[in-house]
**Q** 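Provided herewith is a single structure, encoded as structure tokens, for subsequent inquiry.
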Amino acid sequence: MRFSEAYIPTQKEIPSDAVIPSHQLMIRSGLVRLLASGVYSYLPLGWRVMQKVMAIIREEMDRIGAQEIFMPVLNPIEIWDETGRNEAFGDEMFRLSDRKGRKMALAPTHEEIICDLARKFVRSYKDMPQIWYQIQTKFRDEPRPRSGVIRARQFFMKDAYSLDSDESGLDQSYQKHAEAYKRIFTRCGLKYHIVGASSGLMGGSSSQEFMLESEFGEDTLILCDSCGYASNLEVATSVHNKAEFKEESLKEVHTPDKRSIEEVSEFLKLPKTQFMKSLLYVSNKEFVMVLLRGDYELNEAKLQQIMHGEIRPAHPDEVKEVCGAEIGFIGPVGLKTSIKIIADLALREQHNLVTGANKADTHLTGLEFKRDVTPEQYIDIRNVAEGEKCSKCDHELKIVQAIELGHIFKLGTKYSNSMKATFLDKNGKANPIIMGSYGIGVERIIAAAIEQNHDDKGIIWEKVLAPFKVHLIALKVNNQQISDISTRLYKDLTDSDIDTLYDDREVSPGFKFKDADLIGIPIQVVIGERGLNDKKAEVKIRKTGEVQHVEFNNLKDTITSILNTLA
RNA sequence: CGGGGCGUAGCGCAGCCCGGUUAGCGCGCAUCGUUCGGGACGAUGAGGCCGAGAGUUCAAAUCUCUCCGCCCCGACCA
């Protein structure tokens, strides 16, 4: 492609809206342009990269025997009502009506459509296993799009679905995807973690995420360097630090206007570990009090899992009604109404705790957990905290931020049950199809690759993702000799199927060099006056900055062999 | 949805507090000339409903209100 004729709007200035490096570089190098919040156009360079990623995904999906299909984005709402996800997705799903007033939705994912296809096709256990996938535009009305294409409202997802007749079949399909995903991310040059994850809205038994470590990531990972334990904070466990106190009797203490653990602990001169945090939540229109040690945070994902549904903190007036006191002074002892109580495991053996008395400006001290509180269950419900030990091997855990690239789920029969997608087993008995679901964020691979590979000059593409392999720079195009040599080389490379971006613009050398480094194509070839006498060009490797001087006649061979050595 | 910031030429910004000729600057763009190895120089020029609407005023980019959009933090999030 000739630069002078191409739509590659590079810019020197950092766009004011972009905060993270990948977002800034994607705009500056002319890969994408924003149309509306979380909605992007892909320009020629960006689209070329996207197609490289998609090609790798297709190859690896095909390798595990998956079949590519294409499902509609525009869905009748009824199919989403069949599984109850019309409601579950809430405002996150884009909805619209057709001219007859029929309600439709723009699909945020495709389990329902797959299930519909499955129930139309699968009759017998002999029809399975099946793996179907697509690379499709997804729509999600994110509450807060951010970080450029990393959290967008319209984005590409590779979504795959497996259909099996028994659990071991599902295990195999799941494992195949795990292998395919490893190959995909490795081929894209990404360093990733595989972590245990929560299945959230999707439902199902187990799931794992493929995560790229990044300070700009929205997820938090808990990693153990010693035994390899790796988990999303949402489901991570750890050994809690011990906090020992002697048994005491229950006493009221006046704590005027001291509400937070912080304030009361300072006021009473007692450590936070001696406190008990009481949080009132609402789930399925039922109140539940959650108890944690004062130094720990509630993990809402875990609570949600336990309550099997949506949860929210109770409003201040609800707290007053249930506890008879304001937030900051509530506790499990002496509640006005009897409600469900869930306690974190770390509380079970605790003595002499401090907690709210359900009375204005008053706390209780000397609370003996087993004696004074009768929770419905003891269960791990807290966030893993800095400095805690691994529950598998007792080594200290590491906490890092990460970007979610892919997620694989064992769905089980959640969708096939509600949508009546069944098959006849060997005994002629009808069973629900056992499903798995597997997603990859296509743009996120691109953003991740840039986050991981860039310098202060611009992007540094891996060969496999690069929009072009070679960036040919003709300095001073009005020098006939330079122009002739460059144009001949361009033709030569293109004829040999080496994708080349040919910078034939009439702009100053510095301009071209800066653009080349910004765009980040792996090999730069510079034809200039300096090399004319000894008939040599410069061949520079963007990643290392290494430069070699190569005779014009050998350029193509040298480029080819460098390309072979590049990852 | 809560908190904060921003919206002035294609991009980056100043002007706004304290209202007053014709709204500026840098980059980019066009033409001509000189340049030509790390975002060249000179000359000339084009380009703005100052996000939208309403109000206050003799007078609004500037003050007030409403709405819209974009970004950040939080909440939320296959």
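Predicted model, so just to flag it, every value in this text is computed and none were measured. Lettering of chains follows the sequences in order, A, B, ..., and the numbering in each one begins at 1.
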**Q** Base contacts versus sugar-phosphate-only contacts with protein, heavy atoms under 4.0 Å: please encode nucleotides 30-39 of chain B as B, S and - from 5' to 3'.
**A** ------BBBB
**Q** With RNA chain B as reference, determine whether A:Glu404 or A:Glu13 sits nearer its 5' end, using the nearest nucleotide of each.
**A** A:Glu13
**Q** Can you tell me, in whole Å, how much space there is between the C1' of B:A23 and that of B:A60?
**A**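 Going atom to atom, C1' in each nucleotide, I get 13 Å.
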**Q** Only pairs with both distances under 3.5 Å count, Watson-Crick or wobble alike; so what is the partner of B:C18 in this structure?
**A**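 Result: none.
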**Q** Under the rule for ring pair (Phe, Tyr, Trp, His ring centres under 6.0 Å), what residues qualify as partners of A:Tyr490, not counting sequence neighbours?
**A**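 Testing A:Tyr490 for ring pair (Phe, Tyr, Trp, His ring centres under 6.0 Å), a comparison that skips the adjacent residues, returns A:Tyr502.
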**Q** Could you check which nucleotide pairs with B:C11 in any of the strands shown, counting Watson-Crick or G-U wobble with both distances under 3.5 Å?
**A** B:G26
**Q** In whole angstroms, how far is the P atom of B:C73 from the CZ atom of A:Phe216?
**A**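 The answer, rounded to whole Å, is 10 Å.
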**Q** Given that both distances must come in under 3.5 Å, which nucleotide forms a Watson-Crick or G-U wobble pair with B:C63?
**A**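 The base-pairing partner of B:C63, which may sit in any strand shown, is B:G55.
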**Q** Distance between the P atoms of B:C27 and B:A40, in whole angstroms?
**A**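 Result for the P pair: 11 Å, nearest Å.
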**Q** Side chain to side chain donor-acceptor pair (under 3.5 Å) for A:Glu300 and A:Tyr281? Distances and angles first, verdict last.
**A** CA-CA 10 Å; A:Glu300 289 200 342; A:Tyr281 269 76; 2.4 Å; yes
**Q** Please step through side-chain contact (heavy atoms from CB on, under 4.5 Å) for the pair A:Leu221 and A:Leu233, ending with a clear verdict.
**A** CA-CA 5 Å; A:Leu221 308 185; A:Leu233 177 70; over 6 Å; no
**Q** Check the distance between B:C77's C1' and A:Asn299's CG and give it to me in whole angstrom.
**A**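 Answer to the nearest Å: 14 Å.
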**Q** Under 3.5 Å, side-chain donor or acceptor atoms of residues 143-153 of chain A against the rest of the protein: list the pairs with distances, not counting sequence neighbours.
**A**
{"from": "A:Arg146", "atom 1": "NE", "to": "A:Glu218", "atom 2": "OE2", "distance (Å)": "3.3"}
{"from": "A:Arg151", "atom 1": "NE", "to": "A:Glu218", "atom 2": "OE1", "distance (Å)": "2.7"}
{"from": "A:Arg151", "atom 1": "NE", "to": "A:Glu218", "atom 2": "OE2", "distance (Å)": "3.4"}
{"from": "A:Arg151", "atom 1": "NH1", "to": "A:Glu142", "atom 2": "OE1", "distance (Å)": "2.9"}
{"from": "A:Arg151", "atom 1": "NH1", "to": "A:Glu142", "atom 2": "OE2", "distance (Å)": "3.1"}
{"from": "A:Arg151", "atom 1": "NH2", "to": "A:Glu218", "atom 2": "OE1", "distance (Å)": "2.9"}
{"from": "A:Arg153", "atom 1": "NE", "to": "A:Ser37", "atom 2": "O", "distance (Å)": "2.8"}
{"from": "A:Arg153", "atom 1": "NH1", "to": "A:Asp141", "atom 2": "OD1", "distance (Å)": "3.2"}
{"from": "A:Arg153", "atom 1": "NH2", "to": "A:Ser37", "atom 2": "O", "distance (Å)": "3.1"}

**Q** Checking A:Gln24 now: which residues fulfil side chain to side chain donor-acceptor pair (under 3.5 Å) with it, not counting sequence neighbours?
**A**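 A:Gln24: no side chain to side chain donor-acceptor pair (under 3.5 Å) contacts found.
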**Q** Which residues satisfy the side chain to side chain donor-acceptor pair (under 3.5 Å) test with A:Asp17, sequence neighbours excluded?
**A** none
**Q** Would you kindly give the CD1-to-P distance between A:Ile20 and B:C71, to the nearest whole Å?
**A** 13 Å
**Q** Applying salt bridge (charged side-chain N to carboxylate O under 4.0 Å, His left out), name anything that partners A:Glu529, two or more places apart in sequence or on another chain.
**A** A:Lys476
**Q** Between B:A75, B:C77, B:C71, which one does the side chain of A:Glu300 approach most closely?
**A**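 For A:Glu300, the side-chain atoms sit closest to B:A75.
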**Q** Under 4.0 Å: is that the gap between some side-chain N or O of A:Ser37 and OP1 or OP2 of B:G69?
**A**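 False: A:Ser37 side-chain N/O out of range (4.0 Å or more) of B:G69 OP1/OP2.
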**Q** Below 30° counts as parallel, above 60° as perpendicular, anything between as tilted: where do the rings of A:Phe89 and A:Trp80 land?
**A**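 Judged by the thresholds at 30° and 60°, the geometry between A:Phe89 and A:Trp80 is perpendicular.
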**Q** Expressed in whole Å, how much space separates the C1' atoms belonging to B:C58 and B:C11?
**A** 39 Å
**Q** Please state the C1' separation for the pair B:C1 and B:A61 - nearest whole angstrom.
**A** 32 Å
**Q** Have a look at A:Glu92 and say if it touches a base, only the backbone sugar-phosphate, or nothing, with a 4.0 Å heavy-atom cut-off.
**A** sugar-phosphate
**Q** From CD1 of A:Ile27 over to C1' of B:G12, roughly how many Å is that when rounded to an integer?
**A** 13 Å
**Q** Identify, with sequence neighbours excluded, every residue that meets ring pair (Phe, Tyr, Trp, His ring centres under 6.0 Å) alongside A:Trp461.
**A**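 Applying ring pair (Phe, Tyr, Trp, His ring centres under 6.0 Å) to A:Trp461 gives none.
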**Q** Are any non-hydrogen side-chain atoms of A:Phe216 and A:Glu451 less than 4.5 angstrom apart?
**A** yes
**Q** Expressed in whole Å, how much space separates the P atoms belonging to B:A46 and B:C25?
**A**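 Those two atoms are separated by 13 Å.
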**Q** Find the distance A:His407:NE2 to B:C77:C1' and express it as a whole number of Å.
**A**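 Interatomic distance, NE2 of A:His407 to C1' of B:C77: 12 Å.
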**Q** So which nucleotide does B:C77 pair with, by the Watson-Crick or G-U wobble rule with both distances under 3.5 Å?
**A**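 For B:C77, the partner nucleotide comes out as none, under the 3.5 Å rule.
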**Q** Which residues, if any, of residues 141-160 of chain A bring a heavy atom under 4.0 Å of RNA chain B?
**A**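 Heavy-atom cutoff 4.0 Å gives A:Pro143, A:Arg144, A:Pro145, A:Arg146, A:Ser147, A:Arg151, A:Phe155, A:Met157.
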**Q** Distance check needed: B:C77 P versus A:Leu405 CG, whole Å only.
**A**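 Between P of B:C77 and CG of A:Leu405: 20 Å.
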**Q** Specify the separation, in whole Å, of atom CG of A:Leu35 and atom C1' of B:C71.
**A**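 The distance from CG of A:Leu35 to C1' of B:C71 comes to 17 Å, rounded to the nearest Å.
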**Q** Please name the nucleotide paired to B:G69 by Watson-Crick or G-U wobble geometry with both distances under 3.5 Å, or report none.
**A** B:C6
**Q** With both distances under 3.5 Å as the test, what is the Watson-Crick or G-U wobble partner of B:U31?
**A**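 Across any shown strand, B:U31 pairs with B:A43.
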**Q** Considering only the P atoms, how many Å lie between B:C41 and B:G28, rounded to the nearest integer?
**A**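 After rounding to an integer number of Å, I get 8 Å for this pair.
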**Q** Whole angstrom is fine here: how far is it from CD in A:Gln24 over to P in B:C11?
**A** 17 Å
**Q** Taking atom C1' in both B:A54 and B:G48, compute the distance separating them and give it to the nearest angstrom.
**A**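 Here B:A54 and B:G48 have their C1' atoms 23 Å from each other.
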**Q** Heavy atoms under 4.0 Å, any strand shown: does A:Ala36 hit a base, just sugar-phosphate, or nothing?
**A** sugar-phosphate
**Q** Taking only the P atom of each, what is the distance from B:U66 to B:G5 in whole angstrom?
**A** 15 Å
**Q** State which residues pass salt bridge (charged side-chain N to carboxylate O under 4.0 Å, His left out) with A:Arg28; sequence neighbours excluded, sorted by chain then number.
**A** none
